[in-house]
Amino acid sequence: MDVERATPSDVEAVGALLRAANLPLDGAAEALRLGVVARDDAGIVAAAGVERYGEAGLLRSVVVAADRRGYGLGRVVVEAAEDLARSERIRDLYLVTETAAGWFPRLGYTVVERAVADAAVGASIELTTVCRDTGVTMRRRLT
Ligand SMILES: CC(C)(COP(=O)(O)OP(=O)(O)OC[C@H]1O[C@@H](n2cnc3c(N)ncnc32)[C@H](O)[C@@H]1OP(=O)(O)O)[C@@H](O)C(=O)NCCC(=O)NCCS
């Protein structure tokens, strides 16, 4: 299993994973500019991306292929995306999730008020449209 920086040629395959997981596609290509993919012989099996807003980032497009879940791949791609964010001097990572609020605390994320995220990551596509009303907002401070 290789975990690598995402490239523009990965966008289509990651889009297929996101579509299969019913996750938003809007803005995903942009987030993958600061993103990672995990691939094996079958192709891309997991991804995570970060949208940058100054010293804050929005973690998004975290996805693992359905038949590869439960083997720690989700943790691997999130930690790789965090390393990438740190290398870009991002201090806080935010996310909005409708499906995985029970999972992200394992990786150090805690629930914050939506207003805190709005102040930090502003008018992101995900915050303003897709999960605006129903998602749980979480944050991890990167040290
Ligand atoms: C959420 C997701 C990325 C986790 O990836 P993964 O590779 O399966 O995660 P890991 O192997 O690192 O962790 C697995 C553990 O987390 C638990 N877990 C997985 N998804 C969970 C969820 N959505 N909520 C709560 N717990 C979850 C599993 O039960 C397992 O628990 P165990 O260790 O006690 O057996 C993956 O399930 C996925 O792609 N889901 C669909 C897309 C999605 O919801 N992405 C998040 C969008 S913000």
Side-chain angles (χ1 to χ4, degrees), residues 1-40 44-143:
M1 183 70 58
D2 295 317
V3 180
E4 302 163 348
R5 182 87 186 248
T7 69
S9 63
D10 298 329
V11 167
E12 197 176 326
V14 174
L17 287 182
L18 294 173
R19 210 172 295 118
N22 291 317
L23 291 178
L25 292 173
D26 289 350
E30 288 74 16
L32 280 180
R33 285 192 206 132
L34 196 58
V36 298
V37 293
R39 79 175 87 232
D40 65 10
I44 291 178
V45 292
V50 176
E51 283 179 13
R52 185 192 188 114
Y53 297 88
E55 292 191 340
L58 184 70
L59 180 67
R60 54 168 302 174
S61 304
V62 175
V63 67
V64 175
D67 60 350
R68 306 300 175 97
R69 290 177 194 162
Y71 298 105
L73 259 183
R75 173 183 288 272
V76 166
V77 288
V78 169
E79 289 180 348
E82 290 172 346
D83 285 345
L84 202 50
R86 269 190 208 94
S87 74
E88 294 286 325
R89 301 182 204 286
I90 291 174
R91 291 170 181 268
D92 293 315
L93 271 187
Y94 292 82
L95 63 87
V96 181
T97 182
E98 291 187 280
T99 52
W103 181 69
F104 280 107
R106 293 173 181 233
L107 305 182
Y109 290 79
T110 54
V111 175
V112 294
E113 293 290 329
R114 176 62 55 87
V116 175
D118 278 352
V121 298
S124 123
I125 291 171
E126 189 166 66
L127 282 177
T128 51
T129 60
V130 183
C131 298
R132 179 72 228 175
D133 298 322
T134 51
V136 175
T137 309
M138 308 184 89
R139 176 181 65 191
R140 179 169 188 215
R141 289 193 184 283
L142 301 178
T143 49

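- Note that OG1 of T137 is 9.5 Å distant from CG of L58, once rounded to the nearest 0.5 Å.
- Expressed to the nearest 0.5 Å, how far CG of D83 lies from CZ of R5 amounts to 12.0 Å.
- Remark: R69 pairs with no residue by the salt bridge (Lys or Arg N to Asp or Glu O under 4.0 Å) rule, at least two apart or across chains.
- Between atom CD of residue E55 and atom CD of residue E88 there is a gap of 12.5 Å, rounded to the nearest 0.5 Å.
- Residues satisfying the salt bridge (Lys or Arg N to Asp or Glu O under 4.0 Å) criterion with R139, sequence neighbours excluded, are absent altogether.
- Looking at R141 and D92, a side-chain N of the basic residue comes within less than 4.0 Å of a carboxylate O on the acidic one, giving a salt bridge.
- In terms of modelled atom types and a separation under 3.5 Å, the side chain of R19 and the main chain of P24 share no donor-acceptor contact.
- The side-chain heavy atoms of I90 and Y53, taken from C-beta on, include no pair separated by under 4.5 Å.
- Annotation: side chain to side chain donor-acceptor pair (under 3.5 Å) contacts of T110 (sequence neighbours excluded): none.
- With sequence neighbours left out, Y94 forms a ring pair (Phe, Tyr, Trp, His ring centres under 6.0 Å) with no residue at all.
- Screening residues 99-108 for side-chain hydrogen bond (donor to acceptor under 3.5 Å, both in side chains), with sequence neighbours left out, gives no hits.
- The side-chain contact (heavy atoms from CB on, under 4.5 Å) with L17 is formed by just one residue from the set L23, V37, I44; it is I44.
- Shown here are the side chain to side chain donor-acceptor pair (under 3.5 Å) partners of R33, two or more places apart in sequence or in another chain: there are none.
- In this structure, CG in L142 is found 10.0 Å from CZ in R91, a value given to the nearest 0.5 Å.
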